[in-house]
Colleague: 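Dropping a structure here in structure tokens format, bear with me for questions.
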Amino acid sequence: MRITIRLFGRLHDLAGATELVRELPGAATVSTAWTVLAEEFPAIAPYARSVSAAVNADFGKMTTPLADGDEVAFLPPVSGGQGPRMHRPEHAHDR
Amino acid sequence: MAELIRLVSGGEPGEPPAGHGAIVTFIGTVRGENQGRKVVRLEYEAYEPLALRAFAVIADEVRNRWPSARVAFHHRTGSLALGEASVIIVAASPHRAEAFSACRYVIERVKQIAPVWKREFFEGGDVWIEGASVDASDEASREEAYRRACE
């Protein structure tokens, strides 16, 4: 299947692109798209734990299945939650 | 701002004003200092269709928490100079307590879940400001915003 990938914030700086079209195997999920992308652009790999995703301009998850023609957007963390939630350790718990 | 006030006042053409007892407004502006850096300007980038989706989610949450409150809000994108407004929020309700809370709740939630990224240009460089991961369905974030709104 062919999908469009959109990158925002620091992710598009690291990848050097804001929009990409990639061919994915059938039964792909958002996670498949991320893996393909992180292999192509290793600089974005550290975002694996903090990145969020949208599919066709609605909130999605890494497990959301993809279909031919879908638009997947990868969203780095936004500015909110500065303070205790900022730069939290990988295994921190929210409360 | 006048447009947003009109939106929360029930002032559709031909419709009487809602007669709210309170309207609270918030304007977020570009701060000249951040974590010891002298800020020169900010650039905001948004994923607009998803931002509108996030705004609708936030408006629904406000309706559930404060049924008598009405809110309207707007976030700018692009390059903004020091002191310029980046976000404006208007909340109206019959009594001031709900209007203050709804207004605060909206800014907390916008900062948590709206896909809007801030790039800070300061003297000597620039940096993307990254805080929390975007998760519109995270209950803990919602409760944190509610706690701040009511403190």
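What you see is a predicted model, and the numbers here were worked out from it, not measured in a lab. Throughout, protein chains are lettered first and strands after them, A, B, ... in sequence-line order, and every chain is numbered starting at 1.
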Colleague: What class does the angle between the rings of B:W117 and A:F8 fall in, given that below 30° is parallel, 30 to 60° is tilted and above 60° is perpendicular?
Modeller: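 Geometry flag for A:F8 against B:W117: parallel rings.
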Colleague: Please state whether the side chain, the backbone, both or neither of B:A145 comes within less than 4.5 Å of a heavy atom of chain A.
Modeller: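 Neither; nothing under 4.5 Å.
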Colleague: Please answer: with hydrophobic residues joined when any side-chain heavy atoms are less than 4.5 Å apart, are B:I88 and B:V116 in the same cluster?
Modeller: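 No, because B:I88 and B:V116 fall into different hydrophobic clusters, even though each may have its own neighbours under 4.5 Å.
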Colleague: Considering only heavy atoms, which portion of B:V134 lies under 4.5 Å from any heavy atom of chain A: side chain, backbone, both, or neither?
Modeller: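 Contact with chain A is through both the backbone and side chain of B:V134.
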Colleague: Are B:E108 and B:R104 ion-paired here, with the side-chain N under 4.0 Å from a carboxylate O?
Modeller: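 B:R104 and B:E108: salt-bridged.
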Colleague: With a 4.0 Å cut-off, would you call B:R41 and B:E120 a salt bridge?
Modeller: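 Salt bridge between B:R41 and B:E120, a charged N being under 4.0 Å from a carboxylate O: no.
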Colleague: If you count heavy-atom pairs within less than 4.5 Å of chain B, which of A:H12, A:K61, A:R6 leads?
Modeller: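 Sorted descending by pairs with chain B, the first entry is A:H12.
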Colleague: Which atoms of B:A51 are under 4.5 Å from chain A, going by heavy atoms: the side chain, the backbone, both sets, or neither?
Modeller: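 Neither the backbone nor the side chain of B:A51 comes within 4.5 Å of chain A.
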